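To start, the structure under review is shown below, and the notes come after it.
Counting starts at 1 for both ligands and their atoms, following the listed order. Owing to the predicted nature of the structure, the values given are computational and were not obtained by experimental measurement.
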Amino acid sequence: MRLFIAILLPEPVREALSELRSGLPGARWVEPEALHLTLRFMGEVDAGEAEDIDAALTAIHVPAFDLAISGIGSFQSRRRVRSLWVGLGRSEPLERLQGKAESAVVRAGFEPERRKFKPHITLARLKKTPVGHVGAYMETHGTFAMAAFAVTGFTLMRSYLNRDGPHYETLAKYPLHGP
Ligand code: 3AM
């Protein structure tokens, strides 16, 4: 099974982000209920490895915290824009949680992630969208910001790669506790 660790978003945040789902031809928008912030992607694991990851994540204890969303950015490769995302304000508690999730995964026997953590919430995946359209979209929405929301937990997610895009299932929830 293909697993990753994520923060899911409260309903009002998903609703606010849904307003960004238009005005870009060729974009495949992430369904509002699937919007998430990935903390760590593990990829294919077997049932035993999934249990070890779950046990390590259960041992994480960090307080709940607030997270601010601001700005829109994109990931590019080979001179094309591949995805569009909303960014997060710099957050020490988020970095701490991500660091603990990373250590938990390593403790469960996985290789450390070498890429730097770049927190983002993917809004859309793009295929052959002309760069000018992306520029126009950024002009309109690039300064998007909204009130901070409370992060009260994180989740172990399973990803299914279907022909119409990825589908996600929540396998386990790990609540954070009062600050
Ligand atoms: O949060 P986003 O949508 O950016 O891109 C995949 C998605 O990230 C990412 O894991 C999240 C859940 O699928 N992902 C997929 N393959 C990956 C890989 N090989 C990957 N992240 C890192 N390495």
Fill in: Plane angle bin for Phe75 and His120 - parallel if under 30°, tilted between 30 and 60°, otherwise perpendicular
perpendicular

Please set out all donor-acceptor pairs under 3.5 angstrom arising from side-chain atoms of residues 54-72, sequence neighbours excluded.
unit_1, atom_1, unit_2, atom_2, d
Asp54, OD1, Tyr174, OH, 2.6
Thr58, OG1, Asp54, O, 2.7

Practice prompt. Considering only Ile, Leu, Val, Met, Phe, Trp and Tyr, and joining two whenever side-chain heavy atoms are under 4.5 Å apart, list the other residues clustered with Tyr160.
Written response: none

Worksheet item: If only atom types and distance count, is the side chain of Glu49 paired as donor or acceptor with the main-chain N or O of Asp46 below 3.5 Å?
Response: yes

Worksheet item: Is a side-chain donor or acceptor of Asn162 paired with a backbone partner of Asp164 at a separation under 3.5 angstrom?
Response: no

Worksheet item: Name the residues with a heavy atom less than 4.0 Å from ligand 1?
Response: Arg2, Phe4, His36, Thr38, Phe41, Arg115, His120, Thr122, Arg125

Discussion item. The criterion is side chain to side chain donor-acceptor pair (under 3.5 Å); which residues satisfy it with Tyr168, sequence neighbours excluded?
Written reply: none

